[in-house]
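For reference, the structure is listed below as structure tokens.
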Amino acid sequence: MRCHPERVVARRTCATLRPKYIGPSRKDAVRMTNHQFMTNNPIAFLFPGQGSQAVGMGKELFDKFPLGRQTFEEADDALGYKLSQVCFEGPEDQLRLTEITPAGDSHGVGGCTPRSRDAGPRPTYVAGHSLGEYSAHVASATFSFAEALRTVRNRGKYMQEAVPVGVGAMAAILGMDYEKVSDVCADAAQGEVCAPANINSPEQVVISGNTAAVKRAAKLADERGAKRAKLLPVSAPFHCSLMKPAQDRLDADLNTIKMQKPVYPVACNVDAETCN
């Protein structure tokens, strides 16, 4: 959790847009989230992270809505290749590559939102899980759609180059609390990287690290009573210390982007504080 590109985007946006960064404990972050989102307006836009891509995604929007077509065409122009063709036609193994997937996910969920602020409900907050934090910032006009696309393309490239395909892995552990998952990772590491990466809920923790260590941890979690331990179809071990080289490279890229004041407060992944 401590080494990942989204720590950089949170740090950069929040350092620019709020006077002071304070990183609370996990317990305090949960408390702040509960407090901050208790408003009279219950609407929030929450953008998903990487991992739900599929061949054909976005094709119906492209075919049926002018805004959908415009968004894909702008993405193709910004990236310099036919992202739309990869999304619509695959092949699936190319779509799953970290260098391709973030651009597809980010533009698919975040691209239309800024253009349609006057056409629908306005949120009190926006937020995104992992990669989705970029989409949240696009939705809130912190930076432009084209800037976000180019940034997440580089993000994917840096992450894939930091850890070649096959070297790292991730797994979801269901029905086991965070402390027990942490113990499983520590016992399974055996000198390699293996650690909790995402606390999705009290009953679901995603782990990340070297492939062999993650597989050992998944097996050990099963043996210690987890409801399920499932390897995830990703090409890099996100949100773990293996991502540190990618984080450092992305830091330099984000320094070149001029951040604007968000239209809507953006809740950060790292500490549940808002950039507003």
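Being a predicted model, the structure only gives us computed values, none of them experimental.
A donor-acceptor contact shorter than 3.5 Å links the side chain of N210 to the backbone of V193. Checked by atom type and distance alone, the side chain of D177 pairs as donor or acceptor with a backbone atom of K180 at under 3.5 Å. The backbone N or O of P237 lies less than 3.5 Å from a partner atom in the side chain of S208, making a donor-acceptor pair. Here the side chain of T211 pairs a donor or acceptor atom with the backbone of G166 at under 3.5 angstrom. A donor-acceptor pair is defined here as one N or O able to donate and one able to accept, closer than 3.5 Å; such a pair exists between the side chain of S140 and the backbone of V263. The main-chain N or O of G128 is found under 3.5 Å from a side-chain atom of N269 such that the two form a donor-acceptor pair. In this structure a side-chain-to-backbone donor-acceptor pair under 3.5 Å is missing from R228 to L174. Not a single donor-acceptor pair under 3.5 Å links the side chain of R150 to the backbone N or O of L79. In this structure, E147 contributes its side chain and S144 its backbone to a donor-acceptor pair below 3.5 Å.
Considering every non-hydrogen atom in both Q260 and A141, the closest pair reads CB-O, 3.6 Å. Shortest non-hydrogen contact noted between M176 and V205 is O-CG2, 4.3 Å. Looking at every heavy atom in both residues, F47 comes nearest to A139 through CZ-CB, 3.6 Å. Closest approach of F72 to M57, counting heavy atoms only: CZ-O, 4.1 Å. C194 approaches A217 most closely through the heavy-atom pair SG-CB, 3.7 Å. Across all non-hydrogen atoms, the minimal contact from A171 to L231 is CB-CD2, 3.9 Å.
Between the CD atom of E74 and the CG atom of L67 there is a distance of 10.0 Å, given to the nearest 0.5 Å. Taking CD of Q160 as the reference point, atom CZ of R155 lies at 11.5 Å (rounded to 0.5 Å). For the atom pair CD of E89 and NZ of K82, the computed distance is 11.0 Å after rounding to the nearest 0.5 Å. From L149, atom CG reaches atom CG of N154 across 11.0 Å, with rounding to the nearest 0.5 Å. Of the inter-residue distances, the one linking C275 atom SG with Y125 atom OH reads 12.5 Å to the nearest 0.5 angstrom.
A heavy-atom distance below 4.5 Å is found between the side chains of Y81 and L83. Counting only heavy atoms from C-beta outward, the side chains of V86 and F88 never approach each other to under 4.5 Å. Between V126 and P123, the closest side-chain pair of non-hydrogen atoms falls below 4.5 Å. Using a 4.5 Å cut-off on side-chain heavy atoms (C-beta onward), K64 and R69 make no contact. Residues P202 and Y178 fail the side-chain proximity criterion, which asks for heavy atoms closer than 4.5 Å. Between T274 and V266, every side-chain heavy-atom pair lies at or beyond the 4.5 Å cut-off. Looking at heavy atoms from C-beta onward, I207 lies in side-chain contact with I173 at the 4.5 angstrom threshold. Side-chain contact between T71 and F65 is absent, with no heavy atoms from C-beta onward closer than 4.5 Å.
Both Y264 and I43 sit in one connected hydrophobic cluster of ILVMFWY residues. Membership requires side-chain heavy atoms under 4.5 Å apart, directly or through other members. No single ILVMFWY cluster, assembled from side-chain heavy atoms under 4.5 Å apart, contains both L46 and V206.
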Salt bridge (Lys or Arg N to Asp or Glu O under 4.0 Å) between K59 and D63, worked out | CA-CA 6 Å; K59 185 65 164 62; D63 289 339; 2.7 Å; yes
Hey, mind stepping through M259 and H137 against side chain to side chain contact (heavy atoms under 4.5 Å, CB included) and telling me if it holds?
-> CA-CA 10 Å; M259 306 291 179; H137 279 289; over 6 Å; no
Take M159 and V163 through the test side chain to side chain contact (heavy atoms under 4.5 Å, CB included) and record every step on the way to the result.
-> CA-CA 7 Å; M159 292 167 75; V163 184; over 6 Å; no
Residue pair F238, M170: steps toward the side chain to side chain contact (heavy atoms under 4.5 Å, CB included) verdict | CA-CA 7 Å; F238 312 133; M170 301 183 75; 3.6 Å; yes
Checking side chain to side chain contact (heavy atoms under 4.5 Å, CB included) for the pair R153/K157: CA distance, chi angles, key distance, verdict?
-> CA-CA 6 Å; R153 176 190 58 190; K157 179 175 183 289; 5.8 Å; no
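Judged purely by distance below 3.5 Å, without hydrogens or angles, the side chains of D248 and Y158 never pair a donor atom with an acceptor atom. Counting only N and O atoms by type, the side chains of S84 and D76 include a donor and acceptor under 3.5 Å apart.
For E60, the CD atom counts as loosely surrounded, since its 6.0 Å shell holds 12 or fewer non-hydrogen atoms of other residues, nucleotides or ligands.
Using a cutoff of 4.0 Å between basic side-chain nitrogens and carboxylate oxygens, D187 and R224 are scored as salt-bridged.
Using cut-offs of 30° and 60° on the angle between ring planes, the pair H239 and H129 is parallel.
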